Every structure is written in structure tokens, then in C-alpha cells.
Chemist: 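Quick one: the structure is below, questions incoming.
Predicted model only: the values in this text are computed from it and were never measured.
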Amino acid sequence: EMVAKITGERAIAIIERSEPHFHKEITETHRVLRGSLLVARAGEGFVLKVSDSITITPGQINHSKALGDPAWIEVLCEPAWRAIRHIVLA
């Protein structure tokens, strides 16, 4: 996963695959800008295409995998993203 941070509340991520993780306090909304993305969220799977979005609430374990070429997504965070709020599962 490669991220171009624009602000604490908005970023553009280029995803091939992300590790399972959750956020203690952050609500994230992911919107696909380019490509397709398989998102696992709280035990359910979703296929997102260009302009589709999904919201991930605090405590929901999630991870993603591009379907084909890396997917470009816009990530909106509330409150602003901080590493201390991002918990990667081993």
C-alpha cells in the first residue's frame, strides 16, 4: 500500500493489498478512483468499482486487495488519521 497524504482527513491510497487492521476511533470512507477493490469488513466481502464507496467504523477489522492492477482510492477520515489510532493485526 502506498499513500499520498493530502491532509489528516483526506488521503489518496494506491492499494495492491492491505493487512488486516482496525481503528480505535476513526471512521474511514473509501471511494474508488481507479481500478477495482475487494474489501473485507467485519467478516463481509465487498467488490468496489470506480465511484463506489464503503464506510468503515471504529473497531471493524478490515483489509483490501486490488482486483488486477493496483486500485487508487480516496480515504476520508473522521477524526484525522494518526498512526496511534491504526492497529495492524499479526
Side-chain angles (χ1 to χ4, degrees):
E1 178 175 348
M2 175 185 283
V3 177
K5 186 175 178 181
I6 296 169
T7 68
E9 294 83 20
R10 182 173 182 262
I12 303 299
I14 302 170
I15 297 178
E16 288 186 62
R17 182 177 66 88
S18 69
E19 297 296 326
H21 67 280
F22 69 94
H23 302 278
K24 290 182 179 181
E25 304 167 2
I26 297 172
T27 296
E28 286 186 334
T29 299
H30 297 184
R31 184 173 62 94
V32 177
L33 303 173
R34 182 186 303 171
S36 300
L37 192 66
L38 174 62
V39 178
R41 179 191 70 187
E44 294 184 76
F46 303 87
V47 174
L48 304 181
K49 297 179 181 173
V50 173
S51 79
D52 289 343
S53 64
I54 190 167
T55 299
I56 301 163
T57 58
Q60 288 186 314
I61 297 171
N62 67 95
H63 58 99
S64 304
K65 179 182 177 186
L67 300 174
D69 291 334
W72 291 52
I73 65 167
E74 175 184 49
V75 182
L76 303 176
C77 299
E78 180 60 40
W81 191 93
R82 290 181 37 214
I84 196 167
R85 296 179 177 143
H86 183 92
I87 312 300
V88 176
L89 304 174

Chemist: Would you give me the side-chain donor-acceptor pairs under 3.5 Å for residues 31-50, sequence neighbours excluded?
Modeler:
residue, atom, partner, partner atom, Å
R31, NE, E74, OE1, 3.1
R31, NH2, E74, OE1, 3.1
R41, NH1, T55, O, 2.7

Chemist: Roughly how far, to the nearest 0.5 Å, is the NE2 atom of H30 from the CG atom of D52?
Modeler: 13.5 Å
Chemist: Does L76 sit in a hydrophobic cluster with other residues, and if so which ones, taking ILVMFWY side chains as linked at heavy-atom separations under 4.5 Å, directly or through other members?
Modeler: none
Chemist: Do you know the tightest heavy-atom contact between C77 and I26?
Modeler: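 Heavy atoms only, the tightest pair is CB-CG2, 3.9 Å.
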Chemist: Show every donor-acceptor pair shorter than 3.5 Å between a side-chain atom in residues 56-68 and any protein atom, with sequence neighbours excluded, or say none if there are none.
Modeler:
residue, atom, partner, partner atom, Å
T57, OG1, Q60, OE1, 3.2
Q60, OE1, T57, N, 2.9
N62, OD1, H21, NE2, 3.3
N62, ND2, H21, O, 3.3
N62, ND2, Q60, O, 3.1

